[in-house]
Protein chains: 2
Amino acid sequence: MKTPHIPAAADLSLTVVCAALGDPIRMKIVQCLASSGEKNCSGFEVDHISKSTLSHHIKILREAGLIRPRFQGKEHFYSLRTEELNLRFPGLVDMLLTENERAKTVLSV
Amino acid sequence: MKTPHIPAAADLSLTVVCAALGDPIRMKIVQCLASSGEKNCSGFEVDHISKSTLSHHIKILREAGLIRPRFQGKEHFYSLRTEELNLRFPGLVDMLLTENERAKTVLSV
DNA sequence: TCTACAGTTCGAAAAATATCGAATTGTTAA
DNA sequence: TTAACAATTCGATATTTTTCGAACTGTAGA
């Protein structure tokens, strides 16, 4: 298992991060992780996409520096890089959390 | 002159906003406006793109709800929708300002 | 009215991205 | 060792985005 590249906090680019968040599936994954910690691929509540497509989106999020993998057996658990993101882009994670709450509220009202 | 559509603060989508910011030219324009108020097309410090391409990027920023035009004579002045953005996505404009400062610092050191 | 100017729109081409199924890697359990 | 499973990678295709030049719109001044 070769460990994938995870950029350091200082190397993150806001443009690259925004591009990664600028896709509905990836935004969903990130908000999911922001609100409820660690999940593996089957835990993301995304619908009707193949596993190869999901893997592609995960790679983009990882390379942008938004998420971090943890390997346990045959599962890959992903989590948001909250501390690094708070350091490099203060307010971003809060924004994602707020947005996630808002999405729930707007739909349920 | 037909007035272009400007979405209300409540209608802004974080995904759409991030997609708009996920392009280096558009990120540059937005940071430029965040740091120094109103500008027309010739005021954005972007290099080597045709005016039709610039116009295209401006349209995406406008439709995402990030910028607002003001028409004066033959010039179109654009500004960041700071108040609305602070209402809908608290922390976003600060992040853009911080990033703009950081870019200057990193380059000049 | 004519011309110049600022900017947008149109249409086409190029480049990038998203998507999928099949093949592959690595892990665990039978 | 074999099979099942989780996930990634590969190769191809479809879709979207970026980009440009040309044509167009609206404004101001000669």
Side-chain angles (χ1 to χ4, degrees), chain A residues 1-7 13 15-30 32-33 37-80, chain B residues 1-7 13 15-30 32-33 37-80:
Chain A
M1 168 75 62
K2 66 166 185 266
T3 304
H5 179 248
I6 307 288
S13 149
T15 305
V16 171
V17 163
C18 285
L21 294 173
D23 174 277
I25 292 174
R26 294 195 291 264
M27 180 60 87
K28 186 88 192 291
I29 293 171
V30 166
C32 181
L33 292 178
E38 208 182 38
K39 291 224 168 100
N40 70 351
C41 283
S42 62
F44 308 136
E45 297 134 16
V46 293
D47 28 30
H48 307 126
I49 63 169
S50 69
K51 57 181 185 168
S52 55
T53 299
L54 182 55
S55 204
H56 162 74
H57 286 305
I58 287 172
K59 184 179 186 182
I60 287 175
L61 291 172
R62 176 174 52 71
E63 289 179 344
L66 284 161
I67 65 175
R68 164 189 33 227
R70 180 176 68 85
F71 306 105
Q72 180 182 301
K74 49 188 170 184
E75 285 173 283
H76 297 194
F77 288 95
Y78 291 95
S79 56
L80 200 67
Chain B
M1 167 76 61
K2 66 165 182 265
T3 304
H5 179 248
I6 306 287
S13 149
T15 305
V16 171
V17 163
C18 285
L21 294 173
D23 174 277
I25 292 174
R26 294 193 293 262
M27 181 59 88
K28 186 87 191 290
I29 293 172
V30 166
C32 181
L33 292 178
E38 208 182 38
K39 291 224 167 99
N40 70 351
C41 283
S42 63
F44 308 136
E45 297 135 15
V46 293
D47 28 31
H48 307 126
I49 62 168
S50 68
K51 58 180 185 168
S52 55
T53 299
L54 183 54
S55 203
H56 162 75
H57 286 305
I58 287 173
K59 184 179 185 182
I60 287 175
L61 290 173
R62 175 174 51 71
E63 290 179 345
L66 284 161
I67 66 175
R68 163 189 36 227
R70 180 176 67 85
F71 306 104
Q72 179 182 299
K74 48 186 168 183
E75 286 173 283
H76 298 194
F77 288 95
Y78 292 95
S79 55
L80 200 66

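Each chain gets a letter, A, B and so on, in the order its sequence line appears, and its residues count up from 1. Source: prediction; values computed, not measured.
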Below 3.5 Å between N/O atoms, which protein atoms pair up with nucleotides 28-30 of chain C? Just atom names and distances, please.
none

Quick one: CZ on A:Arg26 to SG on B:Cys18, what's the gap to the nearest 0.5 Å?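 Reported value, rounded in 0.5 Å steps: 11.0 Å.
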
Between CD1 of B:Ile25 and CG of B:Leu54, what distance do you get to the nearest 0.5 Å?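 Answer rounded to 0.5 Å: 8.0 Å.
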
Shortest non-hydrogen contact from A:Leu80 toward A:Leu66: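 Where A:Leu80 meets A:Leu66 most closely, the heavy atoms are CD1-O, 3.4 Å.
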
A:Ala20 to A:Ala64 - nearest heavy-atom pair and separation: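 Taking every non-hydrogen atom into account, CB-CB, 3.7 Å.
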
For residues [X] and [Y], determine if any side-chain heavy atom of one lies less than 4.5 Å from a side-chain heavy atom of the other.
X       : Y       : answer
B:Val46 : B:Pro24 : no
B:Lys51 : B:Cys41 : no
A:Ser79 : A:Phe77 : no

Dump every N/O contact between nucleotides 20-24 of chain C and the protein below 3.5 Å, one line per pair.
{"residue": "C:dC20", "atom": "OP2", "partner": "A:Ser50", "partner atom": "N", "Å": "2.9"}
{"residue": "C:dC20", "atom": "OP2", "partner": "A:Ser50", "partner atom": "OG", "Å": "3.3"}
{"residue": "C:dC20", "atom": "OP2", "partner": "A:Thr53", "partner atom": "OG1", "Å": "2.9"}
{"residue": "C:dG21", "atom": "N7", "partner": "A:Ser52", "partner atom": "OG", "Å": "3.3"}
{"residue": "C:dG21", "atom": "O6", "partner": "A:Ser52", "partner atom": "OG", "Å": "2.9"}

Of the residues in residues 57-67 of chain B, which ones touch DNA chain D at a heavy-atom distance under 4.0 Å?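 Result for residues 57-67 of chain B: B:His57, B:Ile60, sorted by number.
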
Report the C-alpha separation of B:Leu21 and A:Leu21 in whole Å, then their side-chain angles, then the decisive distance to 0.1 Å, and conclude whether the side-chain contact (heavy atoms from CB on, under 4.5 Å) test is met. CA-CA 10 Å; B:Leu21 294 173; A:Leu21 294 173; over 6 Å; no

Figure out the [atom1]/[atom2] separation between [X] and [N], and round it to whole Å.
X       : N      : atom1 : atom2 : result
A:Lys39 : D:dA7  : NZ    : C1'   : 18 Å
B:Ile29 : D:dT18 : CD1   : P     : 12 Å
A:Phe71 : D:dA7  : CZ    : C1'   : 10 Å
A:Phe44 : D:dT8  : CZ    : C1'   : 14 Å
A:Glu75 : D:dA7  : CD    : P     : 6 Å
B:Phe77 : C:dT8  : CZ    : P     : 13 Å

Take B:Lys28 and B:Phe44 through the test side-chain contact (heavy atoms from CB on, under 4.5 Å) and record every step on the way to the result. CA-CA 8 Å; B:Lys28 186 87 191 290; B:Phe44 308 136; over 6 Å; no

Does OP1 or OP2 of D:dA6 have a side-chain N or O of A:Asn40 closer than 4.0 Å?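 Answer no for this pair, as no side-chain N or O of A:Asn40 is under 4.0 Å from OP1 or OP2.
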
In this structure, which one of B:Ile29, B:Leu61, B:Asn40, B:Leu33 forms a side chain to side chain contact (heavy atoms under 4.5 Å, CB included) with B:Tyr78?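 One option only clears the test, and that one is B:Leu33.
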
Expected output: side-chain B:Arg68 to main-chain B:Arg62 donor-acceptor under 3.5 Å: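 Checked: no pair found.
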
Sugar-phosphate only, base, or nothing, as touched by A:Tyr78 at under 4.0 Å among non-hydrogen atoms: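 Counting heavy atoms under 4.0 Å across all strands, the contact made by A:Tyr78 is with sugar-phosphate only.
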
